There are 2 protein chains.
Amino acid sequence: MTDIDKIDRKILSILQADGRIANVELAERIGLSPTSIGERLKRLQRDGFVEGYGARLNPHRLGLGLLVFVEVMLDKTTPDVFERFAKAVQTAPEVLECHMVAGGFDYLVKARVADMTAYRRFLGESLLALPGVRETRTYAVMEEVKRDAPLPVG
Amino acid sequence: MTDIDKIDRKILSILQADGRIANVELAERIGLSPTSIGERLKRLQRDGFVEGYGARLNPHRLGLGLLVFVEVMLDKTTPDVFERFAKAVQTAPEVLECHMVAGGFDYLVKARVADMTAYRRFLGESLLALPGVRETRTYAVMEEVKRDAPLPVG
DNA sequence: TTATTGGCCGGATAAATGACTGATATTGAC
DNA sequence: GTCAATATCAGTCATTTATCCGGCCAATAA
């Protein structure tokens with residue numbers, strides 16, 4: 001149920017890189033029969049190791065050339081600021097990730113927008129418009145050194 | 001070559017959520033024939049909108065329970081510190097993302113490890129071992145509010 | 001008008017898939 | 001060593017899928 005062997009890890013590793021690989025090819029790359037691989041993959045999906053499959057899109061090609069990270073500090077006066085902020089973040093399409101962190105600020109937001117103009121609009125109309133947001137610090141990404149790396153399963 | 005219409009965006013949107021969807025189902029969800037969808041998708045891949053497909057894995061299930069962000073400041077004394085750091089980051093499996101940012105520090109690193117013990121090892125043996133690393137600030141994620149959101153293609 | 005281009009469609013073929021079967025290791029407990 | 005449980009394998013078969021091909025239609029340009 002929760003244990004996973006070397007072959008499973010290999011399956012996951014290959015599937016991370018190519019989620020659309022055919023079962024037969026996956027099988028012969030690993031050196032087992034397609035039946036076994038199919039059963040293993042089914043189990044991996046049932047047990048929650050594989051949550052789904054998705055296409056990797058090129059953000060720049062889609063006009064989302066600017067990646068920004070925003071540190072957000074909240075007013076801890078009202079008790080439900082955290083919930084309300086978390087909820088609002090879910091609906092904002094620009095926000096790709098949002099994490100509550102321990103340290104100097106409360107939330108770290110990762111967002112993608114077209115350019116600086118779009119970012120200023122997003123900041124003003126989405127982030128700062130939220131109640132309880134006391135302060136934000138923006139870091140614009142100049143160069144994406146490493147992006148979308150696979151999880152280390154091996 | 002570079003233009004993209006509403007149907008294309010719909011294709012990309014669906015494929016982001018389910019990268020393994022069959023062409024026929026994709027076609028009937030959109031309302032076109034499988035042939036057309038196939039041709040469009042082929043074009044989208046050829047023109048670089050779709051870079052690939054991948055399985056979405058559950059990091060917690062794989063024993064990677066701790067997500068951390070690390071702000072890294074470099075010594076700008078040697079001219080090639082940036083290149084060397086960027087290169088080293090590529091080979092570190094714990095590092096999922098690394099971005100050069102404008103602002104108070106130089107690099108923002110996103111990494112996944114098993115726990116705090118593993119993180120301390122990673123910090124000491126990987127990050128701080130790199131020449132030119134002057135200072136780091138670590139932010140451990142307490143709660144992942146939003147994770148792996150799709151790019152806003154619509 | 002005529003030709004051309006691009007997008008869409010439907011048919012046909014070859015491949016892959018999923019679901020089953022039964023046989024054969026391999027493993028671990030007793 | 002024996003036994004049961006598990007995993008793998010090969011094989012079959014119906015179904016689904018991807019892809020190629022030719023033809024259709026509308027918009028555009030000559």
Side-chain angles (χ1 to χ4, degrees), chain A residues 1-64 148 150-154, chain B residues 1-64 148 150-154:
Chain A
M1 158 77 181
T2 180
D3 52 335
I4 190 175
D5 67 3
K6 201 167 177 179
I7 297 180
D8 290 327
R9 293 182 185 277
K10 208 163 181 179
I11 293 177
L12 294 178
S13 176
I14 294 177
L15 279 177
Q16 260 194 118
D18 181 6
R20 264 199 154 176
I21 189 175
N23 216 354
V24 280
E25 193 191 331
L26 180 59
E28 62 193 30
R29 266 223 257 169
I30 290 180
L32 285 183
S33 75
T35 314
S36 303
I37 298 295
E39 288 169 358
R40 279 174 177 271
L41 180 52
K42 207 169 184 178
R43 173 174 49 81
L44 289 171
Q45 291 179 153
R46 174 173 47 78
D47 292 350
F49 291 95
V50 178
E51 295 182 336
Y53 301 87
R56 276 191 300 269
L57 306 186
N58 185 330
H60 297 93
R61 217 75 179 75
L62 292 164
L64 299 169
D148 275 337
L151 292 180
V153 296
Chain B
M1 159 80 181
T2 179
D3 51 335
I4 189 176
D5 66 2
K6 201 168 177 180
I7 298 179
D8 291 327
R9 293 182 185 277
K10 209 164 181 177
I11 293 177
L12 294 178
S13 176
I14 294 177
L15 279 178
Q16 258 192 121
D18 181 6
R20 263 200 154 176
I21 190 175
N23 216 353
V24 279
E25 194 191 331
L26 181 59
E28 64 193 28
R29 267 223 257 170
I30 291 179
L32 284 183
S33 76
T35 314
S36 302
I37 299 295
E39 288 169 358
R40 280 175 176 270
L41 180 52
K42 207 167 183 178
R43 174 174 48 82
L44 289 171
Q45 292 177 154
R46 174 173 45 79
D47 292 351
F49 291 94
V50 178
E51 296 182 336
Y53 302 87
R56 275 191 299 271
L57 306 187
N58 185 330
H60 298 91
R61 215 77 179 74
L62 293 165
L64 298 170
D148 275 338
L151 292 179
V153 295

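This structure is a prediction, so every number in the text was calculated from the model and none was measured. Each chain gets a letter, A, B and so on, in the order its sequence line appears, and its residues count up from 1.
Rounded to whole Å, atom C1' of D:dT6 lies 13 Å from atom CG of A:Asp5. Computed from coordinates, the B:Leu41 CG to D:dC20 P distance equals 13 Å when rounded to whole Å. For the pair A:Glu39 CD and C:dA19 P, the interatomic distance rounds to 11 Å; values are reported in whole Å. The distance between atom CD1 of A:Ile7 and atom P of D:dA7, rounded to the nearest whole Å, is 11 Å. One atom, CG of B:Asn23, and another, C1' of C:dC9, lie 14 Å apart when rounded to the nearest Å. Separating the CD1 atom of A:Ile37 from the P atom of C:dT17 is a distance of 12 Å, rounded to the nearest angstrom. Residue B:Ile30 contributes atom CD1, which lies 16 Å from atom C1' of C:dC9 at whole-angstrom precision. Between B:Ile11 atom CD1 and C:dG7 atom C1' there is a gap of 12 Å when expressed in whole angstrom units.
For B:Ser33 against C:dG10, a side-chain-to-base donor-acceptor contact under 3.5 Å is absent.
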- [ ] Decide side-chain contact (heavy atoms from CB on, under 4.5 Å) for B:Val153 and B:Ile4; before the verdict, give the C-alpha distance in whole Å, the side-chain angles of both, and the deciding distance to 0.1 Å.
- [x] CA-CA 10 Å; B:Val153 295; B:Ile4 189 176; over 6 Å; no
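Nearest-nucleotide positions on DNA chain D for A:Leu32 and B:Glu25 put A:Leu32 closer to the 5' end.
In terms of heavy atoms, A:Asn58 sits closest to B:Gly48 at CB-O, 3.3 Å. Taking every heavy atom of both residues into account, A:Ser33 and A:Ala27 meet most closely at C-CB, 3.8 Å.
Distance check, rounded to the nearest 0.5 Å: CZ of A:Arg40 to CZ of A:Phe49 gives 12.0 Å.
Between the side chain of A:Arg61 and the backbone N or O of B:Leu44, no donor-acceptor pair lies under 3.5 Å.
Contact annotation: A:Arg40 side-chain N/O to D:dT8 OP1/OP2 distance is under 4.0 Å. Between A:Thr35 and D:dC9, a side-chain N or O to OP1/OP2 separation shorter than 4.0 Å is absent.
Set against D:dT17, C:dC20, C:dA16, the side chain of B:Ala22 has D:dT17 as its closest nucleotide. Side-chain atoms of A:Lys42 lie closest to C:dA19 of the nucleotides C:dA19, D:dT8, C:dG18.
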